[in-house]
Amino acid sequence: MNYAELKMRVMDVKGVGTEERADELIRAIAGHVVSRVDETLAHDITGRLPEPLTFESLREHDTGLGSATTDQFFDTIRHHFDLRKDRARQV
């Protein structure tokens, strides 16, 4: 899947709306995942993602939630992007 398709799928989640917001969500979520694993695995993950989701760009978008539980992570995403809990998990 290319980045445009990914962004369109995220935009389809009710409450996301705009391309800019979808882009922010994608980067926040992918950045969190890449920041929680060791560098070798992070490079492997980002090597499978479409441009512009590179290792360097995603490490810049670290959410600072490296030790957060899954529920804490989704709560932070939900609050930051003003989404309902089920919508945050759907993204």
Side-chain angles (χ1 to χ4, degrees):
M1 171 182 318
N2 67 39
Y3 190 73
E5 291 170 323
L6 175 61
K7 196 179 335 184
M8 294 305 282
R9 284 186 156 191
V10 172
M11 286 175 57
D12 286 343
V13 174
K14 191 171 188 160
V16 173
T18 67
E19 281 191 51
E20 181 178 292
R21 191 168 161 96
D23 187 56
E24 290 173 358
L25 275 163
I26 292 165
R27 290 175 183 272
I29 293 167
H32 175 72
V33 170
V34 168
S35 296
R36 290 191 71 179
V37 298
D38 67 63
E39 191 168 332
T40 301
L41 182 54
H43 278 288
D44 184 46
I45 291 168
T46 56
R48 298 166 190 257
L49 296 174
E51 290 284 337
L53 301 175
T54 64
F55 173 83
E56 293 78 15
S57 70
L58 292 177
R59 283 282 170 118
E60 290 174 5
H61 285 85
D62 182 4
T63 60
L65 292 171
S67 62
T69 66
T70 302
D71 286 336
Q72 289 170 328
F73 172 71
F74 283 118
D75 282 343
T76 299
I77 292 296
R78 180 173 62 90
H79 291 315
H80 182 76
F81 291 98
D82 194 29
L83 294 170
R84 291 185 355 211
K85 190 170 191 170
D86 62 320
R87 302 290 186 223
R89 288 185 176 274
Q90 190 177 5
V91 170

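Both V13 and L25 sit in one connected hydrophobic cluster of ILVMFWY residues. Membership requires side-chain heavy atoms under 4.5 Å apart, directly or through other members. Taking hydrophobic clusters as Ile, Leu, Val, Met, Phe, Trp and Tyr residues chained together by side-chain heavy-atom distances below 4.5 Å, I26 shares a cluster with V37.
By the side-chain contact (heavy atoms from CB on, under 4.5 Å) test, E5 is found to be paired with M1, N2, residues two or more places apart in sequence or in another chain being considered. Here D23 pairs with Y3, R27 under the side chain to side chain donor-acceptor pair (under 3.5 Å) rule; sequence neighbours left out. E24 pairs by the salt bridge (Lys or Arg N to Asp or Glu O under 4.0 Å) definition with nothing, not counting sequence neighbours. Contacts of A30 classified as side-chain contact (heavy atoms from CB on, under 4.5 Å), with partners at least two apart in sequence or in another chain: L58.
Two residues are said to be in side-chain contact when any heavy atoms from C-beta on lie closer than 4.5 Å; L6 and L49 fail this criterion.
Rounded to the nearest 0.5 Å, atoms CD (E20) and OG1 (T18) are 5.5 Å apart.
Shortest non-hydrogen contact noted between S57 and P52 is OG-O, 3.0 Å.
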For residues 40-48, run the donor-acceptor check on the side chains, cut-off 3.5 Å, and write out each pair with its distance to 0.1 Å, sequence neighbours left out.
residue : atom : partner : partner atom : Å
D44     : OD1  : R48     : NE           : 3.4
D44     : OD1  : R48     : NH2          : 3.4
T46     : OG1  : A42     : O            : 2.9
T46     : OG1  : H43     : O            : 3.2

